[in-house]
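Down below is the structure, laid out as structure tokens.
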Amino acid sequence: MDWAALKESKFGVGLRRPHFDAILEQHRGVDFVEILPENFMGFGGRIEDVLKRVKARFPIVAHGVSLSLAGLDPLNQTYLNNLKTFVETLESPWFSDHLSASSGHGIEYHDLLPFPYTHEAVGYIGDRIKKVQDVISRPFLIENPSTYVVLPGEMPEIEFLCTLLDKAECGLLLDVNNIFVNSQNHGFDPYAYIDAIPAQRVLQMHLAGHDDQGEFLIDTHGAPVCAEVFKLYAYALKHCGPVWTLLEWDNNIPALDVLLAENQKVRKWAAEVDDA
Amino acid sequence: MPSTYTKRMEQMHALVRGEMTPESLASALNVESNRLAAYPRFVRNHVFDMLEKHFGCLHDLLGDRVWKELCQTYFTQVPCQDYDLNLAAEHFPEFILQDEIEQKHGLSVFHAELCQLEWEEYVVFKTKVHWPDKKCATPVLHPAVSIFEFTHTAGSFLLAWRQGQAGQKDAQSMMAAPKSERVMVLQHPRTCMSRTYVANAELLLAFKVVHDGLTLAQMCDASRLSEKEMLQVLFAAQDKGLIVLPRDWGVA
């Protein structure tokens with residue numbers, strides 16, 4: 001895979017229901033939108049109608065939550081096949097999902113669970129990623145997860161991630177807020193984490209707000225991006241080069257003008273990196 | 001997979017399904033229980049939020065205590081097996097029909113019909129409607145109308161509740177003196193949103209004459225309405241999204 005050929009600087013926001021109509025009218029600074037296939041795939045009616053209109057205006061990138069790469073159940077073939085058709089229709093430049101478990105015993109959690117960072121898990125998850133890539137037949141990125149506990153394992157998160165990227169030959173969606181949240185929750189240096197990332201594999205980044213629970217941070221996507229995460233983002237951009245940056249805001253969703261102002265802030269941080 | 005990985009993931013599964021407490025697992029994993037507790041809370045809340053989203057009227061009618069008990073039992077008994085989180089709520093209408101649930105929480109046919117109707121609105125919202133031809137030469141009936149014959153006035157109640165004009169007392173009166181009604185749910189062709197109507201005589205007439213493929217003259221004959229009156233009925237039904245008329249209909 002020629003990852004370098006896919007590298008490009010773009011800025012986008014998630015397509016969320018409260019902004020369905022407004023984003024087609026008001027979108028200064030938005031180069032692309034990201035969607036969760038689970039919220040659009042198989043829908044008719046207004047959802048399908050909005051998606052068609054948004055696709056006519058913006059490039060769309062699909063970011064899933066249901067592959068359950070670290071889960072014990074076999075990969076869901078129905079979901080995968082639907083996904084393949086869907087991302088092709090969208091002309092999504094790549095597809096991404098999380099490095100986590102989101103189902104077990106046929107039950108969907110609709111949340112992302114951690115798993116032990118072991119050598120065996122590298123092999124297991126790496127094989128599953130290859131199967132996904134075979135079906136989807138376009139670049140596949142894994143997203144580094146946010147976690148509140150570290151299950152007993154054999155290596156730190158960053159070592160697991162880099163080993164897996166090597167084994168699975170996939171790309172990386174680097175969630176900068178997740179690095180920050182995990183560094184606070186588990187006590188590691190987020191800058192050293194970024195230094196270890198294979199820069200050429202990073203095609204997209206996520207930025208989001210989190211919630212301080214006092215004893216630990218929760219990745220809520222429900223607040224503005226904090227200054228520490230922006231600093232880390234600038235550092236990650238210097239390390240990785242141009243990427244698509246997505247501002248995530250999925251809870252306490254603000255008015256579109258607030259979201260767009262936050263997106264402008266992201267652009268400003270990135271421009272400062274370019275100028276330096 | 002090695003047994004340690006499988007064991008850990010099985011433990012996490014048991015945790016989020018409420019089969020294991022955060023405290024008991026925390027010591028086995030050597031992690032803090034309050035952090036571990038976040039995961040089952042999130043998983044449970046996703047389902048609870050979805051039930052609230054789809055059955056807001058029923059919740060209001062039943063009150064918080066009964067509602068929370070129902071949600072908790074449903075979460076345990078009916079796990080979601082679909083990646084669409086909305087479908088976590090799919091089996092709730094059947095769930096509340098179970099004898100044990102009905103008796104324990106004092107639920108009635110009225111509650112069951114209301115629940116069924118609230119869920120149908122989502123089903124209709126999500127449906128891919130295939131119109132034969134919106135630029136039609138003859139009147140066309142909406143190809144995917146859901147019609148319910150309710151024994152109670154669940155449709156009237158839901159619509160009034162949405163306007164802030166119905167509450168628990170009204171529901172009690174409706175349950176005490178049940179009246180049947182026909183309710184239609186459809187995806188409006190212009191807005192693509194779900195619309196719910198209690199079927200009145202005019203709506204049913206429009207449905208029938210278009211369904212039967214009558215000409216305007218035949219419609220007037222069958223209904224004993226003047227052409228002007230018949231067109232009023234048809235235009236009202238078109239406004240509601242039940243039918244589509246040819247563009248030149250009614251133009252002199």
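Order of the sequence lines fixes the chain letters, A, B, ..., with proteins taken first and strands second; residue numbering starts at 1 for each chain.
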Q | Those residues of residues 27-43 of chain B, ordered by number, that approach chain A below 4.5 Å (heavy atom to heavy atom) | A | B:Leu29, B:Val31, B:Glu32, B:Asn34, B:Arg35, B:Leu36, B:Ala38, B:Tyr39, B:Arg41, B:Phe42, B:Val43
Q. Is the count of non-hydrogen atoms from other residues, nucleotides or ligands lying under 6.0 Å from B:Lys53 atom NZ greater than 12?
A. yes
Q: Check whether A:Asn39 gets within reach of chain B through its side chain, its backbone, both or neither, counting any heavy atom under 4.5 Å.
A: neither
Q) Looking at A:Ile218, A:Asn185, A:Val50, which one has more heavy-atom pairs under 4.5 Å with chain B than the rest? A) A:Asn185
(Q) Is it true that B:Glu10 and A:His105 share a donor-acceptor pair across their side chains at a distance under 3.5 Å? (A) yes
Q) So what's closer than 4.5 Å to chain B heavy atoms on A:Ile107: side chain, backbone, both or neither? A) both
Q) Thinking salt bridges, do A:Lys130 and A:Asp134 make one under a 4.0 Å N-O criterion? A) no
Q. What residues of residues 108-115 of chain A sit under 4.5 Å from chain B when you count only heavy atoms?
A. A:Glu108, A:Tyr109, A:His110, A:Asp111, A:Leu112, A:Leu113, A:Pro114, A:Phe115
Q: Under 4.5 Å heavy-atom distance to chain A, tell me which part of B:Arg17 shows up: side chain, backbone, both or neither.
A: side chain
Q: Locate the shortest heavy-atom distance separating A:Arg128 from A:Asp73; write the atom from each residue and the value.
A: NH1-O, 2.9 Å
Q: Check the side chains of A:Glu34 and A:His206 for a donor-acceptor pair under 3.5 angstrom, ignoring hydrogens and angles.
A: yes
Q) Are B:His59 and B:Asp64 close enough that a side-chain donor and a side-chain acceptor fall under 3.5 Å? A) yes
Q | Aromatic ring proximity B:Trp67/B:Phe92, centre distance under 6.0 Å | A | yes
Q. Are a donor atom and an acceptor atom from the side chains of B:Gln187 and B:Thr127 found within less than 3.5 Å of each other?
A. no
Q) Any side-chain heavy-atom pair from B:Phe207 and B:Leu203 closer than 4.5 angstrom? A) no
Q: Counting only heavy atoms closer than 4.5 Å, note whether A:Thr147 contacts chain B via side chain, backbone, both or neither.
A: both
(Q) Check for me whether the distance between the ring centres of A:Phe43 and A:Phe40 falls short of 6.0 Å. (A) no
Q.
If I measure from the heavy atoms of chain B, does A:Val150 come under 4.5 Å with its side chain, its backbone, both, or neither?
A. backbone
Q.
We want to know whether A:His221 and A:Asp219 form a side-chain donor-acceptor pair, criterion being a heavy-atom distance below 3.5 angstrom.
A. yes
Q. By a 4.5 Å heavy-atom criterion (distance strictly below it), what part of B:Thr191 contacts chain A: side chain, backbone, both, or neither?
A. backbone
Q.
Applying a heavy-atom distance below 4.5 Å, give me the residues of residues 69-82 of chain B that approach chain A, sorted by number.
A. B:Pro79, B:Cys80, B:Gln81, B:Asp82
(Q) Tell me if the CD atom of B:Glu100 is crowded by more than 12 foreign heavy atoms within 6.0 Å. (A) no
Q.
Under a 4.0 Å threshold between the charged nitrogen and the carboxylate oxygen, would A:Asp21 count as salt-bridged to A:Arg46?
A. yes
Output side-chain donor-acceptor pairs under 3.5 Å for residues 154-162 of chain A, partner residues at least two apart or in another chain, one line each.
residue  : atom : partner  : partner atom : Å
A:Glu154 : OE1  : A:His119 : N            : 2.9
A:Glu157 : OE1  : A:Asn182 : ND2          : 2.8
A:Glu157 : OE2  : A:Tyr193 : OH           : 2.5

(Q) Using every non-hydrogen atom in the two residues, find where A:Cys170 and A:Ile129 come nearest and quote the distance to one decimal. (A) CB-CG2, 3.9 Å
Q.
If we count only N and O atoms by modelled type, under 3.5 Å, do the side chains of A:Thr220 and A:Asp211 hold a donor and an acceptor together?
A. no
Q. Relative to chain A, which segment of B:His13 carries a heavy atom at a distance below 4.5 Å: side chain, backbone, both, or neither?
A. both
**Q.** Pick from B:Val47, B:Val16, B:Val129, B:Leu15 with the largest number of heavy-atom pairs that fall under 4.5 Å of chain A
**A.** B:Val16
(Q) Let's test your reading of the structure: which of A:Pro116, A:Gly153, A:Ser66 forms the most heavy-atom pairs below 4.5 Å with chain B? (A) A:Pro116
Q: Locate the shortest heavy-atom distance separating A:Pro145 from A:Tyr117; write the atom from each residue and the value.
A: CG-OH, 4.1 Å
Q.
So that I can tick it off, tell me whether B:Glu90 and B:Lys126 are bridged by a salt bridge, with the cut-off set at under 4.0 angstrom between side-chain N and carboxylate O.
A. no
Q) Any idea which heavy atoms bring A:His63 and A:Ser96 closest together, and the distance? A) ND1-OG, 2.6 Å
Q.
Need one label for A:Gln213: side chain, backbone, both or neither, based on atoms under 4.5 Å from any heavy atom in chain B.
A. side chain
Q.
Quick check on the interface: out of A:Gly123, A:Ala101, A:Gly42, A:Ser103, who has the most heavy-atom pairs with chain B under 4.5 Å?
A. A:Gly42
